[in-house]
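Notes for the one structure printed next.
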Amino acid sequence: MAKTRTQFVCQNCGRITAAFVGKCPQCGQFGTMVEQMVATSSGSSGGKSTAPGRYTTAPIKLKDVKHDGLVRKTLTNKEFGRVLGGGIVPGSLVLIGGDPGIGKSTILLQVAVEVANLHGPVLYISGEESTQQLKLRADRLRLSSDELLLLTETSIESMLSHIEDTKPIMVVVDSIQTTHTSGLTSAAGSIGQIRSCASQFQELAKNTGLSIFLVGHVTKEGAIAGPRVLEHIVDTVLYLEGDLYHRYRLMRSVKNRFGATSEVGVFEMSERGMAEVPNPSEVFLAERKVDSPGSCIAVTIEGTRPILVEIQALVSMTPFSNPRRAANGIDYNRLLLLSAVLSRRIALRLHDKDIYCNVIGGLQVNEPAADLAVAVAIASSVRDRPVKAEFCFIGEIGLSGELRAVSQTEARLKEASKLGFKKCVLPSSGYISKKTLKVDLELVQCRSLQKALEVAMLPA
Ligand SMILES: Nc1ncnc2c1ncn2[C@@H]1O[C@H](COP(=O)(O)OP(=O)(O)O)[C@@H](O)[C@H]1O
Ligand SMILES: [Mg+2]
Ligand SMILES: [Zn+2]
């Protein structure tokens, strides 16, 4: 029988104290400390002695370290492989977060079947759905594999023995919130349980080279299972985002020990599951109505991939003394800043007008390189004059109305040229090598927003 003691764990940040306190000393929240039993002789952190002379590890010279290279298991699902950094890394623990119903189980079932067919046995463990439900989904998506094993289980101890028995090369755990360990008496889904289970999976992945995918539900605050308790335990964190009412889903890597972060995979929710969208720019621009005022094309970068998006602005007279500003797909404060710059530096009359700004396709554009396109779209709507269809825009706008250089300009220009744009307005600073950049695109470099608006034929 394991010896137990109790401790108090903050349900918000995971801070542990020995005695009860009303206010968490770490995050300052009140009433979040919850008493929990801990078995002192089990758990992932216990057991190892740190007394001198009793170490189990040893330092090793860099040149003596042996490895077989990072052999990724490649996938035919290019979009999923892309966010992972090129494929599934053996021994990695990946967390996939997202709102309920966004498609986490769907995409993981697709990937599980693919890995099972290509590389070897996969164990799909669900604590939320029965094996019949999983079978129904697989049938609906027309997926099948002889190497895919299904298991309905919520106890991590049973999961670990099943993994030992079946020896899969990849495991999916849907979800980490329904998984519980008997070492803790607290309910499944509490911070203590989630953290303990995730560390046990991490240990298993590191010791056996098994790739483990955890599904994590996003709580109301927008973080996975209470603020960030899991993000530092796992190797890779992917968020599946998108509007439930739109077809497109974006999978974004916010942390990746084996690849670039903020890499984006684009999927379309269809009857056959999450279908890859290999050419998102084309898709996002497909419904574009050319020659309509207030529409402007921005060349943005998501991770390492350039994506062209249409930015729309609608500026209309307001009957109220407090004009409205609504931002959809761009940061609200960024919109306020840009309208202030337009008012002061371009003398655009905006104080008596509502501004609505929209990024088409449900994409969230967080980088400042889209500033210029937003500003041009607003100016175009105010003047009721369309921006020519052959134009696209790149550039960050400073408070004095100057255009600032952005990163990865060449990749952006190549994509713009590939999509048939003829002119790109961009900042004059920043080095562009004309030699390496073989694009059929006229580069109009401008120092200021004022100049850019003149080029777009929307003079102040
Ligand atoms: N029987 C069905 N027929 C058509 N679409 C379905 C069916 N069941 C689920 N879906 C769609 O699949 C989407 C994703 O579901 P799921 O992968 O279970 O999401 P998650 O695991 O992220 O909660 C749902 O939002 C729904 O639109
Ligand atoms: Mg699910
Ligand atoms: Zn706290």
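Atoms within a ligand are numbered from 1 in the order they appear, just like the ligands themselves. Just so we're clear, the structure is a prediction, and the values are computed from it rather than from any experiment. Residue indices begin at 1 and follow the sequence shown.
- When each atom of ligand 1 is checked for a heavy atom of Met269 under 4.0 Å away, the hits are 12 (O), 13 (C), 14 (C).
- Considering backbone and side-chain atoms together, Glu129 places no N or O closer than 3.5 Å to any N or O of ligand 1.
- Here the CD atom belonging to Glu128 is positioned 6.5 Å from the OG atom belonging to Ser105, to the nearest 0.5 angstrom.
- The number of protein N, O or S atoms lying under 2.8 Å from the Zn ion (ligand 3) is 4.
- For the pair Gly103 and ligand 1, the shortest N or O to N or O distance falls below 3.5 Å.
- The option from Glu128, Lys104, Arg140, Arg137 that lies nearest to atom 9 (C) of ligand 1, judged by heavy atoms, is Arg140.
- Heavy-atom minimum distance, Ala198 versus Leu93: O-CD2, 3.7 Å.
- When atom types are taken as modelled, the side chain of Ser417 and the backbone of Leu413 share no donor-acceptor pair closer than 3.5 angstrom.
- Using a 4.5 Å cut-off on side-chain heavy atoms (C-beta onward), Cys424 and Ile394 make contact.
- Polar contact check, Gly101 against ligand 1: a nitrogen or oxygen pair lies under 3.5 Å apart.
- Of all atoms in ligand 1, numbered sequentially from 1 with element shown, those under 4.0 Å from a heavy atom of Pro100 are 23 (O).
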Check against salt bridge (Lys or Arg N to Asp or Glu O under 4.0 Å), Lys104 and Glu241:
CA-CA 10 Å; Lys104 302 181 294 297; Glu241 40 182 62; over 6 Å; no
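- Residues meeting the side chain to side chain donor-acceptor pair (under 3.5 Å) test with Thr179, sequence neighbours left out: none.
- Looking at Arg324 and Asp354, no side-chain N of the basic residue comes within less than 4.0 Å of a carboxylate O on the acidic one, giving no salt bridge.
- By the 4.0 Å heavy-atom criterion, Gly98 is excluded from the residues contacting ligand 1.
- A heavy-atom separation below 4.0 Å is not found between Glu271 and ligand 1.
- Aromatic ring orientation, Phe80 versus Phe213: tilted (interplanar angle from 30° to 60°).
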Carefully, step by step, assess Lys206 and Glu203 under the rule salt bridge (Lys or Arg N to Asp or Glu O under 4.0 Å).
CA-CA 5 Å; Lys206 289 291 159 293; Glu203 214 171 285; over 6 Å; no
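- Taking 2.8 Å as the criterion, Ser105 counts as a coordinating residue of the Mg ion (ligand 2), since one of its N, O or S atoms falls below it.
- Under a 4.0 Å heavy-atom criterion, His217 is not in contact with ligand 1.
- Residue contact check: Thr106 has heavy atoms under 4.0 Å from atoms 14 (C), 15 (O), 16 (P), 17 (O) of ligand 1.
- Here Phe284 contributes atom CZ and Asn279 contributes atom CG; the two are 10.0 Å apart, rounded to the nearest 0.5 Å.
- In terms of heavy atoms, Ile176 sits closest to Cys197 at CD1-CB, 3.9 Å.
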